[in-house]
Amino acid sequence: MKKTWLLGFGFFSISITWSLYNAFVPYFLDPYLKSTALIGFMMTLDNYFALFLQPWIGHLSDKTQTRFGKRMPFLMLGMPAAALFVILIPLHTSFITLLLFMMLMNLSMSVYRSPTVALMPDITPDHQRTKANGIINFMGGFGGILAFGAGSVLYGANPSFPFIAAAAITLISLWILTAAIKENRDVIVSLPAEKRPKIKLKGELDRTTVLLLAAIFFWFVSYQGVEALFTLYGKHYMGLTEKDAAFSLTFFSLFFVLFAIPSGWLGNRLGKRKTILAGVIGLFAVFAAVPFVDTVLLLRVLLALGGICWALININSYPFVVSVGSEGSIGTRTGLYYLVSSLAAITSPPLLGLMIDQFGYRSLFICASAGMLLASCSSLWSGMTEKALPLTSRFRPKQICKASYNRVPDVSGAFFCF
């Protein structure tokens, strides 16, 4: 799993950049926009880019063939551009230049985000993907925590320092990735472009995939709505200070990071489907219980349990989306995954905000639990099953594997070395 940890630097840099962007860019927008709603809309630009660009970029990377591989050219193009525009954001001189740098930074991030994610299943056997996804999410979560901790200190010294640090980390991560991962050597399945089956987006949308994507949409609606509106819930419904409300939400994020790797291990041992359903049912129970809690201690205990359940869901969901398709459609399915999650991120805060306006803050977690219930129904109706690896083992020639590894065919006819 050494290469998985090295690939995790890509997620580490993405998470640091987004965390700093979400934390400090609203401060840059505040002098220009007096409406909080407009600031919130501007902060969803990344989701609109993800909605329209990432499925296409992921599909394009499936069909790409260069001497650097399928995914790496997108990283080599997008990461330096993102580093440049991240540095320029705090150096803006007007609202127009700030908006321009924000859009170019979001565009650059969209170029390489899906290909970076798709690299994981490219270089990881199916039976190890849940563990690998746990590792890279752990790296990403650690990057987010580091961004909020060290980033606040750097911002206090100079508003541009955290963005310069994020750019430097992005470039260092690109160097690590290009030095450690050689796609044409490390990918498990590497067919010449002319021999690859043509991947049609419509052909990937079978009943199982559509219902699985619906489940992903519903649980992201619940999660994104709670993440965006929880501090207001804590302040106005529970009477917490702004600081205590924000600190309470940290328990959710912290326990997600702590259980990222164990969740991948459980998905590998028990199966992705069972692990995801356990997480969905558990998070439904947590969200349903929160409106009846009136103490901070119990609230934080429930949020910690919620973080564990979210890890069970989130760590295993992307490998599951990939596993129900063919090896040649990894990039396409990665784009679909981010399409659905981005659509949920765009629709959830205003939708749940409207419910709060109509029925009060108590309705936040009632609607969130309803979303998890719909997610569990979609998961069950999909009849989703994992593609089990055949028990038959063969040996791959040493000149191909460069070692006498076991050779195990999966259902698509690809051969895994492990």
Side-chain angles (χ1 to χ4, degrees), residues 1-14 57-83 108-109 111-129 131-140 143 168-197 199 318-319 322 326-335 395-410 412-418:
M1 305 293 284
K2 177 182 177 182
K3 291 192 183 299
T4 303
W5 285 100
L6 293 172
L7 178 59
F9 279 97
F11 294 83
F12 179 75
S13 66
I14 290 172
I57 292 289
H59 183 63
L60 181 62
S61 71
D62 279 337
K63 302 186 293 181
T64 299
Q65 182 65 37
T66 72
R67 66 189 182 94
F68 300 106
K70 295 191 297 182
R71 322 292 183 190
M72 202 60 72
F74 294 90
L75 278 68
M76 297 169 73
L77 175 66
M79 293 180 81
S108 301
M109 296 285 284
V111 167
Y112 73 92
R113 188 174 179 182
S114 282
T116 303
V117 175
L119 259 178
M120 185 277 286
D122 278 347
I123 65 174
T124 309
D126 181 75
H127 62 282
Q128 293 183 348
R129 285 175 184 166
K131 289 194 293 185
N133 202 41
I135 290 171
I136 62 178
N137 273 274
F138 172 82
M139 293 284 286
I169 290 171
T170 298
L171 294 176
I172 293 171
S173 297
L174 175 61
W175 177 78
I176 292 173
L177 290 172
T178 54
I181 298 176
K182 307 296 182 184
E183 274 195 79
N184 293 329
R185 177 196 67 191
D186 297 328
V187 291
I188 297 167
V189 181
S190 183
L191 293 175
E194 64 272 11
K195 292 185 178 181
R196 289 183 198 152
I199 303 298
Y318 170 66
V322 171
S326 66
E327 293 294 321
S329 66
I330 287 174
T332 302
R333 287 179 168 269
T334 301
F395 290 95
R396 178 180 275 186
K398 289 185 179 179
Q399 64 267 29
I400 298 179
C401 263
K402 299 180 182 178
S404 55
Y405 298 138
N406 287 333
R407 182 188 183 194
V408 180
D410 79 336
S412 66
F415 287 92
F416 294 151
C417 286
F418 64 95

Exercise. Which distance, rounded to the nearest 0.5 Å, do you find between the OG1 of T116 and the CE of M72?
Worked result: 8.5 Å

Problem set entry | Atom pair CE (M139) and CG (L6), whose distance is rounded to the nearest 0.5 Å | 8.0 Å

Exercise. Which atom names give the shortest non-hydrogen contact between Y112 and T170, and what distance separates them?
Worked result: OH-CG2, 4.3 Å

Exercise. Looking only at heavy atoms, which two atoms of S61 and R71 are closest? And how far apart?
Worked result: OG-NH1, 2.6 Å

For this session: State which residues pass side-chain contact (heavy atoms from CB on, under 4.5 Å) with L171; sequence neighbours excluded, sorted by chain then number.
Result: P80, A83

Exercise. Taking only residues two or more places apart in sequence, or in another chain, which ones meet L60 in a side-chain contact (heavy atoms from CB on, under 4.5 Å)?
Worked result: W56, T64, F74

Please output the side-chain donor-acceptor pairs of residues 172-182 that fall under 3.5 Å, not counting sequence neighbours, one pair per line with the distance.
residue : atom : partner : partner atom : Å
S173    : OG   : F9      : O            : 3.2
S173    : OG   : I169    : O            : 2.8
T178    : OG1  : L174    : O            : 2.9
T178    : OG1  : W175    : O            : 3.1
K182    : NZ   : T178    : O            : 2.8

